[in-house]
Amino acid sequence: MLTLAQIKKDKEDILLKLKIKNFDGTKIIKKVIKADDMRRNLQQEADSKQAELKSISKKIGELMKQRKANEANIAREETSQLKNKIKSLQGKQADTFKIIKDLLVQVPNIPHESVPDGKSEQDNVLIRKGGRKHKLPENPLPHWELGKKYDIIDFELGNKITGAGFPVYKGKGARLQRALINFFLDENEKAGYREILPPLMVNEDSGFGTGQLPDKEGQMYYVKADNLYLIPTAEVPVTNIYRNVILDEGDLPVKNTAYTPCFRREAGSYGKDVRGLNRLHQFDKVEIVQIQHPGKSYQSLDEMVDHVEGIIKKLSGLPYRIVKLCGGDLGFTSALTYDFEVYSAAQEKWLEVSSVSNFESYQSNRLQLRYKDMNLKNNQHPHTLNGSALALPRIVAALLENRQTADGITIPKSLWRYTGFKIIN
RNA sequence: GGAGGAAUGGCAGAGUGGUCGAAUGCGGCGGUCUUGAAAACCGUUGUACGGCAACGUACCGGGGGUUCGAAUCCCUCUUCCUCCGCCA
């Protein structure tokens, strides 16, 4: 969330920039500022009463030592009213504080100045295109047909065991998953990311820290008995490593990568786009997360984009494009996002396989993540960034569809050492 | 799951009702000395909120309570350790 300091400093500018996200924050921000004024007054009053009580207590202590019980009792009588007053002031202050937080949580992150105007994904801006379209056989099959044909992805079996959106990968299909995971992790490690294997369930505080809670609660699977959430992305546990942490400036940038399964309820998104691997309740993903100095975070964002692009390129020619999200399509917590899409040749559509974002200090404020700034001589919120590198199912869908031949599905050369086979037939 | 013990500053570790934000040691930072370094010595060294500042307030695992006053007493939760049971 935005900090009070940010809001008080650049109110007009923030309101203007939020409009790019189609968000009118005028009322909320007004309320925030009003509540903050109230809160500060309450604190001043409470602090001074508290100081008074403290000095009386000290006095009583001394009187007791001098065995002046009577005088001590007189002093004691003064305190009860004071105590009530303090309690009430502190209660009010806590209430006001909660009001402020509840309001702040409703305000999305400020978009970066380069974010294009726009309402929906139609208005996203194409940055680059790459790869090449393969020559497909006549009547190319969509990936769900190919999965069936070669007996490598079984959706019905998943239905039986669990339900829709939980496919079973079999044989070379399973091996291909494992190969991709290892390939991605190796590429990330080569680029300086440290591998993390995090918990797959997180508590409420972690969910709040990265912004899934409170608003996106319905998107996560929830384990009631233990009050835990299944992670929708590795971003959640990996970023929360740094919740309530003060880093040294020299630690930056922090670069972590993690493979995890991801669990998403995807409530309300049934329909045409959910066939096959397009949208699942459980899928595998390798994530990259960076924590960076505010002055260098956009440099890091570019570096992450280049890195992800490099991985896709190594999948020999998978057609891809990179788009910069417009204000209307930009996520609630993001300041700037690039989406990576690969072409699904048989479905004839683009599938999102990675979303690389800079959250600036929006997450680190929630996380209470700080670093000691050498120049400013105090603790500052660093910027957090993350992206997929990469999400598996849609990559698999695109690989199967683009690389289908009369003889089977060919495997990109870069994966051979991971798969141990060159063709699925 | 059952029985017991513990949780204090970056780390180690004192403190069991009064002036304790907290002794001491180590580490970190600054300085003296030195050609430089080490050693020695001196100083400094948590976080948050409020305040122009002086300074005030809060924080000794989390939450609540008792008390004029809580690191210290009580309740509760969490985590860790030991023993028993179960177990990949």
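Note that the structure is predicted; figures quoted are calculated from it, not measured. The figures here come from the full heavy-atom set of this structure, side chains too, leaving out hydrogens, waters and symmetry mates.
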Donor-acceptor pairs are to be reported for all side-chain atoms of residues 172-184 of chain A against protein atoms at under 3.5 Å, with residues two or more places apart or in another chain.
from: A:Lys172; atom 1: NZ; to: A:Ile423; atom 2: O; distance (Å): 3.0
from: A:Arg175; atom 1: NE; to: A:Tyr418; atom 2: O; distance (Å): 3.4
from: A:Arg175; atom 1: NE; to: A:Thr419; atom 2: O; distance (Å): 3.2
from: A:Arg175; atom 1: NH2; to: A:Tyr418; atom 2: O; distance (Å): 3.4
from: A:Arg175; atom 1: NH2; to: A:Thr419; atom 2: O; distance (Å): 3.4
from: A:Gln177; atom 1: NE2; to: A:Asp284; atom 2: OD2; distance (Å): 3.2
from: A:Asn182; atom 1: ND2; to: A:Arg178; atom 2: O; distance (Å): 3.4

Provide, to the nearest angstrom, the distance between the [atom1] atom belonging to [X] and the [atom2] atom belonging to [N].
X       : N     : atom1 : atom2 : answer
A:Ile60 : B:G69 : CD1   : P     : 8 Å
A:Gln50 : B:C68 : CD    : C1'   : 12 Å
A:Ile56 : B:U57 : CD1   : P     : 13 Å
A:Arg39 : B:G50 : CZ    : P     : 5 Å
A:Gln81 : B:C68 : CD    : C1'   : 15 Å

(message) Suppose we call two aromatic rings close when their centres sit under 6.0 Å apart. Are A:His381 and A:Tyr362 close by that rule?
(response)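 No, too far apart.
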(request) Please tell me which of A:Glu52 and A:Thr79 maps to the more 5' nucleotide of RNA chain B, matching each residue to the nucleotide holding its nearest heavy atom. (result)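 The residue mapped nearer the 5' terminus is A:Glu52.
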(request) Report the residue (A:Leu53 or A:Ala46) whose heavy-atom-nearest nucleotide on RNA chain B is the more 5′ of the two. (result) A:Ala46
Could you check which nucleotide pairs with [N] in any of the strands shown, counting Watson-Crick or G-U wobble with both distances under 3.5 Å?
N     : result
B:G25 : B:C11
B:C52 : none
B:G18 : B:C68

(message) What residues from residues 365-375 of chain A pass a heavy-atom cutoff of under 4.0 Å to RNA chain B?
(response)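 Heavy-atom contacts with RNA chain B come from A:Arg370, A:Lys372.
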(request) Test A:His383 against A:Tyr298 for ring pair (Phe, Tyr, Trp, His ring centres under 6.0 Å), laying out the working first. (result) CA-CA 9 Å; A:His383 288 184; A:Tyr298 281 93; 7.0 Å; no
(request) Determine the interatomic distance between C1' on B:A3 and the same-named atom on B:C11; round to the nearest Å. (result)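 The answer is 32 Å between these two C1' atoms.
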Counting side-chain heavy atoms from CB outward, which of [options] is closest to [X]?
X       : options             : value
A:Lys54 : B:U47, B:U57, B:G65 : B:U57
A:Asp47 : B:U57, B:C68, B:G50 : B:U57
A:Glu62 : B:U19, B:A48, B:G69 : B:U19
A:Lys83 : B:C68, B:U57, B:G65 : B:C68

Protein N or O to nucleotides 71-77 of chain B N or O, pairs below 3.5 Å:
none

(request) Determine, for A:Tyr338 and A:Lys324, whether the Lys NZ or Arg CZ falls below 6.0 Å from the six-membered ring centre while staying within 45 degrees of the axis. (result) no
(request) Looking at every strand, decide which applies to A:Gln43 at a 4.0 Å heavy-atom threshold: base, sugar-phosphate, or nothing. (result) base
